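To keep things clear, I will list the structure first and then write my remarks on it.
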Number of protein chains: 2
Amino acid sequence: MCLYDTMYYFYPEQRNEFLVLASTFLCCMKDYEKFKQLVLQGATLYMPQLSLDCVIFGFHEGQLKVLLLKMRNLQEWALPGGFIYRQEALEVAASRILKERTGLDNIFLQQFHIFSDPTRSDTSKAIHHFSFADLSIDSSHWLAQRFISVGFYALVDFTRVTPQADELTDTCQWYDLENIPPLMMDHRHILDKALETLRIQLNYQPIGMSLMPEQFTMPELQKLYETILGVTLDRRNFQRKILGYHILKRREVRRTGVAHKSPYLYSFDEKQYQQALQDGLHKW
Amino acid sequence: MCLYDTMYYFYPEQRNEFLVLASTFLCCMKDYEKFKQLVLQGATLYMPQLSLDCVIFGFHEGQLKVLLLKMRNLQEWALPGGFIYRQEALEVAASRILKERTGLDNIFLQQFHIFSDPTRSDTSKAIHHFSFADLSIDSSHWLAQRFISVGFYALVDFTRVTPQADELTDTCQWYDLENIPPLMMDHRHILDKALETLRIQLNYQPIGMSLMPEQFTMPELQKLYETILGVTLDRRNFQRKILGYHILKRREVRRTGVAHKSPYLYSFDEKQYQQALQDGLHKW
DNA sequence: CCAAAAGTGTTTTCGGTACACCCATGT
DNA sequence: ACATGGGTGTACCGAAAACACTTTTGG
């Protein structure tokens, strides 16, 4: 039994009847006996559906890419997402979902926003989708109600990922950021917000460790920054700035086999990088 | 009936049995007929309890303050919080809760983090609290389960607020930031995170409009910044910097009746301020 | 008149940008 | 050899930090 049916919320519009305050377990009502009775009968609190969506960024051949999937029976693409387990933090759930899609562990992952607009999930579409799937439900069904979604963004090494579809998914593949297909619901908005956050974070947090392969050249790293920010940077200034953070180690070997002068190879200094992740980027 | 009982989640640990992907309404299972049957019988998706907590900052007499309340029958203090209505965005819910506590409308309000650690709500304590309230529930009861909470922080004009308690609340009052009493659950952590976010935001967003009275002097505004940041600033550099944003209007009158040279009074330029809220702080 | 607070101006420093020069490599 | 890309160094500019002087007010 769900209190939802009998009294909307514990915290109803007509606030003089029942009251529950958030983030505490102590509940109370004016009609305390009635409340007690309901709770003991096993009444539960009505809650919105909570899900999470991941914007997974990858980088390959000078292009920033996003991992998208297409659900069976659906025309539009979607961000990888999922639900949270009973004993699971959101961050853990997000990395679990990431692992399922990319096979990767220990990914850079960050929550950036919660999307709770009541109109974000178009009810009529939801119903339509279910008719498609040979289920008929009406607008009062929980499946047709508003979902609140926590947005995460992740940075992964493109070369180590093999996108994995599952029973529900037709396709799971990378898309160039400049060439995103129509997305379902407000996923386009989520994607944009993720990119906006990433661009801001770029100035305060070291990124690249997760996006670049083990070893890389300075121009390659610069291309990553340029792609994310959408601007061109000065080669020399970029190098000075990045090296100033002391999160890179220069390798002895250089890249060979390419035309022109052979560039140095760099890799991230694991320890310094982790330090910078905590403290932010500072000059020395 | 709740699917929670029969199959844990739609998205269970043993992932080969049932599957539901987040942020979509299209659900599917390997045993599709069983799934369909359950849904048509009115089965619902198990979801964590979602609440929101507000860290409400005020400023008075050179002290940064936070609005706290003490629940009936509880020793520890708590942040004002609440639940979300069915057709309501989180931001709307937060401003509703704020209005209930402070009586103020149109408050600067921002979500900054979601707190989902499974251990954040101490189950044993919850049960204890309910025994207190003459209810006996066990650890499997929904009231004893983990709540996920969305953290908001707000900046309000101290002088315009009269803290309002309600039927559940013994007291609702301001506390100096340096003198916060023990808080329930992880509310201390939420408070700290809010302050951390506020300090960062200070460089990019104009604040003060909500925290300061209608008219104020430059040293008063400086004191606010110093208090939030926890450092002392150079009087002259501060003035130049703030004025450079062109969000202040200097009044003709000066503050009188105080010792020493009478300072100018300033007030925020409503239009410029709103502009800066959207675009961030930029020099001209 | 004096101490303290407030208004206004100048110097210095530093990070970021712009740009010049040289070196290495494959064609 | 030479075009192209990569490594290294210098000049400049603007914002922020450091600091000096004057003005006003109550006591």
Side-chain angles (χ1 to χ4, degrees), chain A residues 61-62 199-200 202-206 212 215-267 276 279-284, chain B residues 61-62 199-200 202-206 212 215-267 276 279-284:
Chain A
E61 291 178 350
R199 281 177 175 158
I200 295 175
L202 213 54
N203 296 313
Y204 309 98
Q205 286 217 323
M212 302 294 287
Q215 298 196 355
F216 50 90
T217 67
M218 194 58 79
E220 286 164 2
L221 183 63
Q222 179 179 342
K223 187 68 188 169
L224 168 65
Y225 273 75
E226 289 182 323
T227 308
I228 294 178
L229 293 175
V231 295
T232 58
L233 301 171
D234 185 283
R235 189 168 59 85
R236 297 147 286 194
N237 297 331
F238 177 80
Q239 170 146 329
R240 202 192 355 260
K241 184 168 179 173
I242 295 291
L243 289 180
Y245 297 138
H246 293 87
I247 54 174
L248 291 185
K249 282 186 303 193
R250 188 158 90 175
R251 299 292 177 157
E252 290 309 314
V253 287
R254 291 159 172 251
R255 170 141 304 169
T256 56
V258 292
H260 318 300
K261 182 169 182 175
S262 60
Y264 284 109
L265 281 173
Y266 290 89
S267 58
D279 305 344
L281 291 174
H282 301 295
K283 292 284 179 189
W284 280 19
Chain B
E61 291 177 351
R199 281 178 176 156
I200 295 175
L202 213 53
N203 296 312
Y204 309 99
Q205 286 218 322
M212 302 295 285
Q215 297 196 357
F216 50 90
T217 68
M218 194 59 77
E220 285 164 1
L221 183 63
Q222 180 179 342
K223 185 71 187 167
L224 168 65
Y225 272 76
E226 289 182 342
T227 308
I228 294 178
L229 293 175
V231 295
T232 59
L233 300 171
D234 184 281
R235 190 167 56 85
R236 298 148 286 196
N237 294 331
F238 177 79
Q239 171 147 330
R240 201 189 356 260
K241 185 169 179 172
I242 295 291
L243 289 179
Y245 295 139
H246 293 88
I247 54 174
L248 291 184
K249 281 185 303 191
R250 188 158 91 175
R251 299 290 176 160
E252 290 308 314
V253 287
R254 291 160 172 250
R255 171 143 303 169
T256 56
V258 292
H260 318 301
K261 182 168 181 174
S262 61
Y264 284 108
L265 282 172
Y266 290 88
S267 59
D279 305 345
L281 291 175
H282 301 294
K283 291 284 178 190
W284 281 18

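Note that the coordinates shown come from a computational prediction; the quantities given were computed from them, not determined experimentally. Side chains are part of it too, since the values below use all heavy atoms of this structure and drop only hydrogens, waters and symmetry mates. In the text below, chain A, chain B and the rest are named by the order of the sequence lines, each starting its count at 1.
For A:R199, the salt bridge (Lys or Arg N to Asp or Glu O under 4.0 Å) test picks out no residue, with sequence neighbours left out. Applying the side-chain contact (heavy atoms from CB on, under 4.5 Å) test to A:T227 and every residue at least two apart in sequence or in another chain returns A:F59, A:L64, A:K223. Residues satisfying the salt bridge (Lys or Arg N to Asp or Glu O under 4.0 Å) test with B:R250, not counting sequence neighbours, are none.
Close to D:dT25, at under 4.0 Å from its OP1 or OP2, lies a side-chain N or O of B:S262.
For the pair A:L248/A:Y264, no side-chain contact is recorded, criterion being any heavy-atom separation below 4.5 Å from C-beta on. Here the side chains of B:Y225 and B:V231 are not in contact, with every heavy-atom distance at 4.5 Å or above. Contact check for B:L243 versus B:M218: side-chain heavy atoms found under the 4.5 Å cut-off. A heavy-atom distance below 4.5 Å is found between the side chains of A:L221 and A:F238.
Atom CG of A:L243 is separated from atom P of D:dG9 by 12 Å (rounded to the nearest Å).
Mapped onto DNA chain D by nearest heavy atom, A:H260 and B:K261 fall at different nucleotides, with A:H260 at the one closer to the 5' end. Positionally, the nearest nucleotide of DNA chain C for B:M218 lies more toward the 5' end than for the other of B:M218 and A:K241.
When DNA chain C is scanned 5' to 3' for any atom under 4.0 Å from a heavy atom of chain B, the first and last hits are C:dA4 to C:dT10.
Going from atom CD of B:Q239 over to atom OH of B:Y266 covers 4.5 Å, rounded to the nearest 0.5 Å. In this structure, CG on B:L202 lies 9.0 Å from CG on B:L281, to the nearest 0.5 angstrom. The structure places CZ of B:R235 at 8.5 Å from CD of B:Q222, a figure rounded to the nearest 0.5 Å.
In the helix from C:dC1-D:dG27 to C:dT27-D:dA1, the terminal helix axes, each the rotation mapping four pairs' C1' atoms onto the next four within five end pairs, subtend 10°, rounded to 10°.
Within residues 219-237 of chain B, the residues approached by DNA chain D to less than 4.0 Å at the level of any non-hydrogen atom are B:D234, B:R236, B:N237, in residue-number order.
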